[in-house]
Amino acid sequence: MIEREPAYPAPAVAERHPSDLAEVLERVLDKGIVIAGDIKIDLLDIELLTIRLRLFVSSVDTARKAGIDWWETDPALSSRAARDALTQENAELRERLHALESRVGSEELSAVGATAEERSDR
């Protein structure tokens with residue numbers, strides 16, 4: 001029996017290596033990728049709703065190079081930012097308390113002074 005080779009060779013099956021996905025992910029994180037889109041709902045030429053979606057996928061270093069660092073100042077995402085926000089709020093409350101105490105103290109002094117004047121007039 002004569003064995004014949006097929007007229008068209010079978011296509012090589014591309015094997016997926018785990019490093020392929022890692023390489024793609026590394027490139028995306030290194031360079032960054034931006035996905036932008038708008039959803040707009042109109043009824044009879046009246047705009048009812050507009051939603052703007054922006055997605056920037058990158059590494060932290062790439063985001064910082066792009067000037068994006070909002071997660072560092074958002075108290076919901078950063079313990080340092082939350083601590084700073086509490087410290088600032090505490091300082092503001094202390095200032096308000098001091099101002100109120102000063103005002104109440106000066107009003108009391110005025111009231112005491114007025115009472116002393118009334119007594120001396122008698």
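Between atom OG of residue S58 and atom CZ of residue R64 there is a gap of 10.5 Å, rounded to the nearest 0.5 Å. In this structure, the separation between CD1 on I39 and OG1 on T50 is 10.0 Å, given to the nearest 0.5 Å. Within the model, atoms CG of L49 and CD1 of I51 stand 4.5 Å from one another, a figure rounded to the nearest 0.5 Å.
No chain of hydrophobic side-chain contacts below 4.5 Å, direct or via other Ile, Leu, Val, Met, Phe, Trp or Tyr residues, connects L53 to V57.
Side chains of E101 and L97 form a contact here, defined as non-hydrogen atoms less than 4.5 Å apart.
The minimum heavy-atom distance between D42 and E47, with the atom names listed, is OD1-CA, 3.3 Å.
Pairs of residues two or more places apart, or lying in two chains, never qualify as salt bridge (charged side-chain N to carboxylate O under 4.0 Å, His left out) while including a residue from residues 88-99.
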Item to check | Test side-chain contact (heavy atoms from CB on, under 4.5 Å) applied to D38 and R54, step by step | outcome: CA-CA 9 Å; D38 293 333; R54 305 290 183 260; 3.2 Å; yes

